[in-house]
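Have a look at the structure below, then the notes.
All chains are named by letter (A, B, ...) in the order of the sequence lines, taking the proteins before the strands, and each is independently numbered beginning at 1.
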Amino acid sequence: MATSELILSVRDYDLSATLDSGQAFRWHRQGAAWSGVIGQRWVRLEPLPEGIRAQTMVPVADWTWLTDYLQSQVDLAAILESFPVDPPMQAAVAACPGLRLLRQDPWECLASFMLSSTKQIVQIRQIISLLCERHGEAVTTPAGLAPARAFPTPERIARLSEAELRDCKMGFRAPNVLAAARRIASGEFHLERIRALPHATARAELMRLRGVGGKIADCVLLFAYGFNAAFPVDVWIKKALQELYFPRRRAPEKRLQYFAATHFGEHGGYAQQYLFHYMRTRKRPNSRD
DNA sequence: CGCCAGGATTGAA
DNA sequence: TTCAATCATGGC
């Protein structure tokens, strides 16, 4: 029984593609609907013909936290028009109608992608699930549904031991996440200050954290701070750029990085997400083939 | 074993 | 600078 409900009027929004495209790791599918925790609030999202139904378990007067997170007010058509017109990009856009970028909490996004290093998405979800189950604060959920927890704050994680984090299957990532949490909790490192910096400066600032290289910094710039030109280059995107744009010769790393940073325009981050989701969902190898 | 996953760091060229 | 080697972990 929901306490608050909102019908979000929005077109061109594929909830499943967006919530399950490797940018957020804590959403649970329930049929066509999804449930998860944004900040300290449990929320259920259900696709409707005219938009999205949102239900919470706490009274909500101002839904900005949700519309900000979903970026539902963004003019997707205008963004798609800014993409370069080439066959790979057109194929990717055609394959993923309604795919969006979220606007996530910087700490949850940073910690999540620090944990993503050389892990598959299913494993990243498991690590984060363990971390939240064991160390996150409980949030109110509907009776009968599995309890939900918030993503643990930097302050909470800073008080944990490396061993407790390793127990969440973090492996060599544990000391990096712990060190970042401590620097942030102590006030030495300011996540909010990064929002106001120029793109290149913000990227360099994030990379001062051990365990954060260019790829993870780009993910946080794009998924948490809204630097839409940020273009994370992971193994999938490398494969995509290599196969789709440089099919005849192997492109050096530097060439791929330059191409990624210059070819896709001011909303390159969106283009990247379309290519990523396109590559990840097109060939589903059948085990009997 | 063999390979890979939304990599980062270090040290050599 | 830009590389290649090394680190490191769980799943299949």
If you check every side-chain atom of [X], which of [options] has the closest atom?
X       : options                  : answer
P252(A) : dA5(B), dC3(C), dG7(B)   : dC3(C)
Q123(A) : dG6(B), dG10(C), dT10(B) : dG10(C)
R173(A) : dG7(B), dT10(B), dT9(C)  : dT9(C)
K239(A) : dT9(C), dG7(B), dA5(B)   : dA5(B)

Length of the [atom1]-[atom2] vector between [X] and [N], whole Å:
X       : N       : atom1 : atom2 : answer
I216(A) : dT9(B)  : CD1   : P     : 8 Å
I124(A) : dC4(B)  : CD1   : C1'   : 13 Å
K169(A) : dT9(C)  : NZ    : P     : 14 Å
Q257(A) : dA8(B)  : CD    : P     : 10 Å
L115(A) : dG10(C) : CG    : P     : 13 Å
E253(A) : dA5(C)  : CD    : P     : 15 Å
D218(A) : dG6(B)  : CG    : C1'   : 12 Å
R125(A) : dG10(C) : CZ    : C1'   : 18 Å

Whole-Å [atom1] distance, [N] and [M]:
N      : M       : atom1 : result
dA5(C) : dG6(B)  : C1'   : 22 Å
dA8(B) : dG11(C) : P     : 22 Å
dC1(B) : dG10(C) : C1'   : 15 Å

5′-ward residue of the pair L209(A)/I237(A) relative to DNA chain B: I237(A)

Under 4.0 angstrom between R166(A) side-chain N/O and dA8(C) OP1 or OP2: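 Indeed not, no polar side-chain atom of R166(A) lies that close.
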
Verify stack between W236(A) ring and dG6(B) base, 5.5 Å, 30 degrees: no

Under 4.0 Å, counting only non-hydrogen atoms across every strand here, what does [X] touch: a base, just sugar-phosphate, or nothing?
X       : result
S21(A)  : base
V233(A) : nothing
F276(A) : base
G171(A) : sugar-phosphate
K215(A) : base

Side chains of F231(A) and I237(A) in contact at under 4.5 Å (non-hydrogen atoms):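 Heavy-atom side-chain distance check passes, below 4.5 Å.
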
Short side-chain donor-acceptor distance under 3.5 Å, E266(A) and S82(A): no

Ring center gap for F259(A) and F246(A) short of 6.0 angstrom: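 Yes - the distance between ring centres of F259(A) and F246(A) falls below the 6.0 Å cut-off.
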
Ring center gap for H263(A) and Y258(A) short of 6.0 angstrom: no

Polar pair under 3.5 Å, donor/acceptor by atom type, side chain Q126(A), base dG10(C):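 Answer is no: no donor-acceptor pair is held.
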
Electrostatic pair R255(A)-E253(A), nearest N-O below 4.0 angstrom: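 Looking at E253(A) together with R255(A), the answer is no, because their closest N to O distance does not fall below 4.0 Å.
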
Identified side chain to side chain contact (heavy atoms under 4.5 Å, CB included) partner of F25(A) from the options S129(A), S112(A), C132(A):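 By the side chain to side chain contact (heavy atoms under 4.5 Å, CB included) criterion, F25(A) pairs with just one of S129(A), S112(A), C132(A): S112(A).
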
